[in-house]
Structures are given as structure tokens and as C-alpha cells.
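Remarks on the structure that follows.
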There are 2 protein chains.
Amino acid sequence: MLPSKNSYTDIKEIVLARIRDHTWPPGSIIPGEIELAEEFGCARATVNRAMRELAEDGILDRKRKAGTRVNKSPVRHAKFAIPLVRIEVESTGAAYRYTLLNKKIFIAPAWLRARLSLGDSAEVLHLQCMHFADNTPFQFEDRWINIDAVHNIENADFTTIGPNEWLVNEMPFTDVEIAFSARVADKKLAEYLSLSIGEPVFTTERITWLSGTPITFARFSFGRGYSLKTRF
Amino acid sequence: MLPSKNSYTDIKEIVLARIRDHTWPPGSIIPGEIELAEEFGCARATVNRAMRELAEDGILDRKRKAGTRVNKSPVRHAKFAIPLVRIEVESTGAAYRYTLLNKKIFIAPAWLRARLSLGDSAEVLHLQCMHFADNTPFQFEDRWINIDAVHNIENADFTTIGPNEWLVNEMPFTDVEIAFSARVADKKLAEYLSLSIGEPVFTTERITWLSGTPITFARFSFGRGYSLKTRF
DNA sequence: CAGTGGTCTAGACCACACA
DNA sequence: GTGTGGTCTAGACCACTGC
């Protein structure tokens, strides 16, 4: 039994070290919680927390009855903070400014109905707006909101507060899908973001649901040179 | 005391509901763990786990002595899986193929020294390689490895196994910085990825350290139409 | 069915940060 | 100092799942 290695962080370190030095090679099964608790001289709950967190990080794969294995494909998980645009801009020290460009109710186009699994006659509120940092274009927001799912939407005017910020405060959600990609600036986008046509644009798309009901689809196009960073 | 709401997931749901209906508005302090444990009729450890996970998700902000507050800026954290390219390609059902294009040792150029905090005469191994999915270009990898930090690097030949995969298996690391952006395809990149010059390219850059020592800088440029997705 | 991880409890001590 | 969250323990029961 190892002495005085009883914190869950210590156990994580030991386990990681054993994986790195191939004591427990990728794909291999590692001892059960009771056995490890005895070896480390701690309670099973402590081992459990260490192993659970390593599993969350994608290092281990745990299954009841089958035991705990070292993950073969070392999938790392990167965590990105997705803040409000306003917060993001203000955190750089720049002044934030918001402008509503368009606001209109439509019957959802086919591509959107497909994306959100909407019915044929579903109505959506389409919004386009700009977010500026010190008066330089920071982000263009293209948003569709499923009107049936957000019933007091008619009372929101979106002239002073962006749809993202409004929705975050008014509308709960349970599921989010995010996609990152690189797209080309078309004529409109180039105009809005002060780019040349054909320039690359970092784009994120987001769909949110409330327990199965689609709420909104949004595409965010960022100005020149934007990059999304994280560290862990 | 609420009856039969004693699992940590139940508690998370209740807390989220109270935040959504503004029982506990953003920025407000919420009751301590002992009080909540009494209210929910469960142990403090159970409340603790619920609150800890909500704090990890960025919903709550916890401080010893100061208590637990509802986070003002609703920063959501998106978790992205960063798998090996090979796994990523194979998971789509395509056949994976790898090619080494260049391999040469240099004195680190100034921009790289700045990025990795290297000394003036630091040597780096520069590698360029391609990853294919069913013989269509999937990813171009441009990598610099700090030779001093990876001492058995001379024995690796990288003709059959990519540097990413080799490093993951041989070299532990403690810190990673990842950045996503959209870049323009220059002549070489267009050639490698079968693109036109000027096309947008989804790019990720990664720097890894082992307890303060820089290991490697890598830039990954993805083929047309690639997008990184996550759901939570 | 049986073994493994998943969770909960009641109690305890500790560490940090605010007064 | 003192109150809050952070962690650990010893024990218990449950739930999933592979055999």
C-alpha cells in the first residue's frame, strides 16, 4: 500500500503516470476500484472520483461489470467558453455596439425546416444584426427563431438588445449543437464585415432545443483575423 | 423539505429551474450547502456534487466563505473531442492514408521562437505531412518539434506513422493551447489540399507543453467543407 | 446471476477568504 | 476568527451488463 497518496488528484497523477509509462497500456483493463483503494490506502469514493474525472477527460473508458479500460484512441476534449458577444468584445477593452439590420417573419424555408425538423407551415422570425468592437465590425449574426416555441417573442423589439442576449435571458434550453467552419465572404457578408468578396470568414453555427423542441438556428460570421482560443 | 428529490441530477434540475424562473436571478447568492441539503432531504455531499458540476459548466460561481452565486455572464462551455486524425477519418468509414512530405532540422525561426519561448539557437524538427480520407486530401499538417524537449526524436522516422500519433504515444504533455480560425489557401496549401488559391481553409493551431517546456507547435489545415461539430 | 461501477449517507476535518 | 466550500471516510444499496 502506498502511503500518504490519498487525494483524488494524487490518484489521477499516479494513474496518468502508469498509462504514460505503459504499466497500463492502451486498451488494457486496470484494477477495480476496491483493489485500487486498498493499494492507495484510501476510500473507494476517492478512487471513484479520480477515475470518473479521467473518464470525463476521455482518458479512461468505464463500464459496469466490464471494468475500467485505458482508452485506445487518446481523444482529448477541449473545452471552449462560449460567452455572449457583448462580453467577448468588452473583455478586450473595446466598446461594444449593436445594430439590428433586418427583422421579418417568414414561413420557414425548406433548408431550415430540414435543419430544425419544423412542419411545412412553421413560421420563423428572421433577424440579421451586427456586433461592433470600437466601431469595427466584429460579428454578423444571422438568426432564425421558431416563433411557436418562443411565445412572447412579439414583445421583443431587438433594437437595443441582441437576440442572443435576449434569448439567453428569456428562453431556457436543454440541448445545443455547435459547428465551426471556414466560409467564403459573399457580397453581403463582405459589405457587413468590411471584407473583400471571397475572403475567408470564421463561422460558427448553433442550434438550440428545449427538450426536443427546436428554438433557434443562428449563424455567426466573424470579422477578419478572429480566432477562437482555449487552453487546458 | 421536498420529498424523494435526492439524486444529484434531480438537484441540478431544480437549481437550473430556479435560475431560469428567476427565483435565483443572475448574480444573486444562493443558500449554502447545508441549508440546501436540509431542504432537499439529502446529504451535503449530494448537494456538493450537483453544485460542483454546475460550477464546472459555468452556471454557478463558487468561492469558499463567499458562498455560491449564479454566474452573471451565462458563459456556456462547449466540449470538443480532439481525436487523432486517423481515428477521425476512419470513423467516417473512409480509408486513412498518411504521407510524409518534408522532414528537416532547422534553427527555429524568429516567429516560432516567440511562440514557444525558445532560445536564439534552439533547433527544431520541421515536418510537413498529409492525411487522406479515401485518397482525397483531408488534412495538411505543418509541425515544428522542439528537439531538446523530445530527446529520442532522432529515432523516429515518421514515414509510416504521423508525428501527432507518435507524439501522443511517446511524449506526455501537461498543457495545450488550441486556436481555431479561417485562413486563405496559398499556392502550396491549394496544391496539397486540391483547392483553388484563395479558398477559405479551416485551420487549427496547437501548442503543447510539458510542465513549462514547449514541446511542439502544429498547424492543421483541413480540406474543403470540413466542419468541427459538438453537441451538449 | 454476479461483479463492476454509480450513487448516497452521516460524519469529520481542512483550506481558504472575508470580516 | 469564522463561515463557506473542498475533500475524505466507511459503509451501504442500487443499476447496469457481461457471462
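Order of the sequence lines sets the chain letters (A, B, ...), proteins ahead of strands, with each chain counted from 1. None of the values given here were measured: they were computed from a predicted structure.
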Polar atom pairs between nucleotides 14-19 of chain C and protein, under 3.5 Å, N or O only, would you list them?
unit_1, atom_1, unit_2, atom_2, d
C/dA15, N3, B/R64, NE, 3.2

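If B/G32 and B/A45 are placed on DNA chain D by their nearest nucleotide, the residue sitting closer to the 5' end is B/G32. Residue whose closest nucleotide on DNA chain C sits further toward the 5' end, between B/V47 and B/R44: B/V47.
A straight line from CD of A/E33 to C1' of D/dA10 spans 15 Å, rounded to a whole angstrom. Whole-Å rounding puts the B/E35 CD to D/dG5 P distance at 10 Å. Distance, A/L54 CG to C/dG5 C1': 15 Å, rounded to whole Å. Rounded to a whole Å, the CD atom of A/E56 is 10 Å from the P atom of C/dG6. Regarding B/I11, its CD1 atom lies at a distance of 13 Å from the P atom of C/dT7, rounded to whole Å. In this entry the distance linking CZ of B/R69 with P of D/dT4 reads 13 Å, nearest Å. Put simply, CG on B/D61 is 14 Å from C1' on D/dT4, counting in whole angstrom units. The distance between atom CZ of B/F40 and atom P of C/dC8, rounded to the nearest whole Å, is 13 Å.
For the 3.5 Å distance criterion, the side chains of A/Y226 and A/E88 qualify, holding a donor opposite an acceptor. A donor-acceptor contact closer than 3.5 angstrom links the side chains of B/R143 and B/T216.
In this structure, the side chain of A/R69 engages the main chain of A/G27 through a donor-acceptor pair within 3.5 Å. No side-chain donor-acceptor contact under 3.5 Å links B/R206 to the backbone of B/A218. Checking side-chain atoms of A/R18 against main-chain N and O of A/T23 turns up no donor-acceptor pair under 3.5 Å.
Checking the phosphate oxygens (OP1, OP2) of C/dT4, no side-chain nitrogen or oxygen of A/R62 falls inside 4.0 Å. In this model, the phosphate group of C/dC8 is not approached by any side-chain N or O of B/Y8 to a distance below 4.0 Å at OP1 or OP2. Put simply, A/T46 has a side-chain N or O that comes within less than 4.0 Å of OP1 or OP2 on D/dT9. Residue B/N48 has no polar side-chain atom (N or O) positioned under 4.0 Å from OP1 or OP2 of D/dG5. For C/dT7, one of the phosphate oxygens OP1 or OP2 lies less than 4.0 angstrom from a side-chain nitrogen or oxygen of B/R49.
Under the side-chain hydrogen bond (donor to acceptor under 3.5 Å, both in side chains) criterion, B/T136 pairs with no residue, sequence neighbours left out. In this structure B/K63 satisfies the side-chain hydrogen bond (donor to acceptor under 3.5 Å, both in side chains) test with no other residue, sequence neighbours excluded. Scanning for side-chain hydrogen bond (donor to acceptor under 3.5 Å, both in side chains) contacts around B/Y96 gives B/H131, with sequence neighbours left out. Taking the side-chain hydrogen bond (donor to acceptor under 3.5 Å, both in side chains) definition, one finds that B/T203 meets it with nothing, sequence neighbours left out.
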Report the secondary structure of DNA chain C in dot-bracket form, marking unpaired bases with a dot and bases paired to a different strand with |, and treating Watson-Crick or G-U pairs with both distances under 3.5 Å as paired.
||||||||||||||||||.
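Of the candidates D/dT9, C/dC8, D/dG5, the closest approach to any side-chain atom of A/C42 belongs to D/dT9. Minimum atom distance to the side chain of B/A43 is reached by C/dA10, of the listed C/dT7, D/dT9, C/dA10.
Aromatic pair B/F138/B/F132: ring centres not closer than 6.0 Å.
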